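Keep in mind that what you see is a predicted model, and the values were worked out from it rather than measured.
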Number of protein chains: 2
Amino acid sequence: MVNQDDPRPGSEALHGTDRDRRSQLVDAAVDHVAAHGIADLSLRRLGAAIGVSHRMLIHYFGSKEQLLVEIVRTSERRQRDLLSRLHLEPGLAPADVARLLWQRLTDPRLAGQERLFFEICGQALRGRPEAAPVLEGLVTDWLEPLVAAETAAGANPATARSRARLGLATVRGLLLDLLATGDRAGVDAAMEEFLRLYYGSDRT
Amino acid sequence: MVNQDDPRPGSEALHGTDRDRRSQLVDAAVDHVAAHGIADLSLRRLGAAIGVSHRMLIHYFGSKEQLLVEIVRTSERRQRDLLSRLHLEPGLAPADVARLLWQRLTDPRLAGQERLFFEICGQALRGRPEAAPVLEGLVTDWLEPLVAAETAAGANPATARSRARLGLATVRGLLLDLLATGDRAGVDAAMEEFLRLYYGSDRT
DNA sequence: GACTTCATGTACCACACGGTACATGCGCGG
DNA sequence: CCGCGCATGTACCGTGTGGTACATGAAGTC
């Protein structure tokens, strides 16, 4: 009765509702963080925002650090889901696939997530531990499918890797531009210019 | 004798040594911030690091906010100086100019500054007020010289703008890739691929 | 040589933070 | 109906923060 908190939340002691509550909390936390940033997050404010006392966040996640790890992981998963959920009808030209992907990425409803992405990058580059694992997958995780697409399109492996890396970097750079300036038309035009260079001027 | 601090540092009351001291402090602060990040900066730690009491930082800058403004502004100025100090001998092909600029930007000694750039971006995208002014100049300030270079190379204005925007975004995306992965060779290869697409395969 | 000015330091304040101890109350097994 | 386990809340603690009041001492002035 002295200490009734399970010191190992997430262990086998958690079943059913408890696990549900936990993921429900982390979902709400990601939403809040996508909207308000991760920089000056405090357990108290987060708790107040999602309707729980900061005590419970500690209870479910052990510490602020672990909660942040969970938030970052979940946010990453959401990002990746967005790509994998992109089921394309076959017969589309690569340039059109890219254009479609760009359209989805720049959906204003995703702006919060994209901002969060760059914010987490900034923190991770500083060595903030809970954001550091992101750096690993930041490039490589996205590279694999892109390389696959390039090789399928007939590029030799080395070129495919460079081209994939280039495409990823350009998309991110333009995304940053869009978030900073909000100049949708200008950024879209730059993207079109890129597609022209990347896939050739003929849209097959 | 009650309050001997000038409430308006930077006003006409500051002359000579005072102003020098101030800029000396902000220089040291930028160095420290480039090395240790801006996220969890505290006046006390910064003061200890650069050899001054946190009291004096308040004295010279009025508040932490204003100090951060100064730091960001100075860091920006340094970045831009880096570009303008790039006096190139004429007769270089645009692709070679770009390659040279890329070499300088990716100098490991600049890694701290580059990281700081992305960190500030992340914060600014969140609406942190002292970083917000950065967003304005983040694209446009760099676009002007690039557009000038493109038009000089014979592109029509609209295309020049899109191409400039694209080049800037790609450089930044690849810079982020480099900082995250450290894979210098891979990123350089992607850059070469971009230059090939951007300026054509022939290196005049 | 007394007076003033001002840069700098020391000690302090109120506050918000992460984290902990303890209370409370709900839901379920007997 | 009881009793226990557990989710949740409240009150607290130590710490570090930005910012302020006041002390101190070294220059410069008349």
Side-chain angles (χ1 to χ4, degrees), chain A residues 1-26 28-29 32-33 36-71 123 128-130, chain B residues 1-26 28-29 32-33 36-71 123 128-130:
Chain A
M1 204 176 293
V2 179
N3 181 5
Q4 62 207 6
D5 283 351
D6 189 330
R8 294 167 292 115
S11 72
E12 74 234 339
L14 292 181
H15 300 111
T17 61
D18 213 15
R19 182 161 238 112
D20 292 350
R21 183 94 178 101
R22 194 181 140 99
S23 49
Q24 164 193 340
L25 283 181
V26 68
H32 178 263
V33 152
H36 298 88
I38 210 175
D40 49 358
L41 182 74
S42 90
L43 294 183
R44 288 175 150 86
R45 272 203 300 268
L46 173 61
I50 68 180
V52 87
S53 79
H54 83 285
R55 165 70 177 74
M56 295 318 295
L57 295 173
I58 295 283
H59 172 234
Y60 280 108
F61 299 96
S63 73
K64 187 186 182 182
E65 289 284 284
Q66 292 173 254
L67 170 57
L68 280 175
V69 170
E70 213 79 11
I71 288 176
Q123 308 259 356
R128 191 148 163 175
E130 68 273 8
Chain B
M1 204 174 292
V2 179
N3 181 6
Q4 62 207 5
D5 284 351
D6 188 332
R8 293 165 291 119
S11 71
E12 70 233 336
L14 292 181
H15 300 112
T17 61
D18 215 15
R19 182 163 239 113
D20 292 351
R21 185 95 179 98
R22 193 182 141 99
S23 48
Q24 164 193 341
L25 284 181
V26 69
H32 178 263
V33 152
H36 299 90
I38 210 176
D40 49 359
L41 181 73
S42 89
L43 293 183
R44 286 174 151 86
R45 272 202 301 269
L46 173 61
I50 69 180
V52 88
S53 79
H54 84 285
R55 166 70 176 76
M56 295 318 296
L57 295 173
I58 295 282
H59 172 234
Y60 279 108
F61 299 95
S63 73
K64 186 186 183 184
E65 288 281 287
Q66 292 174 253
L67 170 57
L68 281 174
V69 170
E70 214 79 10
I71 288 176
Q123 308 260 356
R128 192 148 163 178
E130 68 274 9

Quiz item: Do A/F61 and A/V26 pass the side-chain contact (heavy atoms from CB on, under 4.5 Å) test, and can you show the C-alpha distance, the side-chain angles, and the key distance before you say yes or no?
Solution: CA-CA 9 Å; A/F61 299 96; A/V26 68; 4.1 Å; yes
Quiz item: What nucleotide among D/dA7, C/dT20, C/dT10 has an atom nearest to a side-chain atom of B/S53?
Solution: C/dT10
Practice problem: Indicate yes or no: at least one non-hydrogen side-chain atom of A/H59 is less than 4.5 angstrom from one of A/R22. | Solution: no
Quiz prompt | Heavy-atom closest contact (A/Q123 atom, B/A39 atom, distance) | solution = OE1-CB, 3.9 Å
Please list, for nucleotides 13-17 of chain D, all pairs of protein and nucleotide N/O atoms separated by less than 3.5 Å.
unit_1: D/dT17; atom_1: OP1; unit_2: B/S42; atom_2: OG; d: 3.0
unit_1: D/dT17; atom_1: OP1; unit_2: B/R45; atom_2: NH1; d: 3.2

Quiz item: B/I58 has an atom CD1; how far is it from atom P of C/dT10, in whole Å?
Solution: 17 Å
Practice problem: Please determine, for the side chain of A/H59, which listed nucleotide (D/dT8, D/dG19, C/dT20) has the closest atom? | Solution: D/dT8
Quiz item: CD of A/Q66 versus P of C/dG18: gap in Å, rounded?
Solution: 14 Å
Quiz item: Rounding to a whole Å, what distance do you find between A/R22:CZ and D/dT8:C1'?
Solution: 17 Å
Listing, residues 43-51 of chain A side-chain donor-acceptor contacts under 3.5 Å, not counting sequence neighbours, or none:
unit_1: A/R45; atom_1: NH2; unit_2: A/D40; atom_2: O; d: 2.5

Quiz item: Given C/dT8, is OP1 or OP2 found less than 4.0 Å from the side-chain N or O atoms of B/Y60?
Solution: yes
Exercise. Round to the nearest Å and state the distance from A/M56 atom CE to D/dT8 atom C1'.
Key: 5 Å
Self-check item: Short side-chain N/O contact from B/R55 to OP1 or OP2 of D/dA21, under 4.0 Å
Solution: no
Quiz item: Roughly how many Å is it from CD1 in A/I50 to C1' in D/dT8, rounded to a whole number?
Solution: 14 Å
Self-check item: Side chain to side chain, B/R21 and B/L25, heavy atoms closer than 4.5 Å
Solution: yes
Quiz prompt | Side-chain-base donor-acceptor pair under 3.5 Å for A/H54 and C/dG18 | solution = no
Quiz item: Does A/H36 have any ring pair (Phe, Tyr, Trp, His ring centres under 6.0 Å) partners at least two apart in sequence or in another chain, and if so, which?
Solution: A/H32
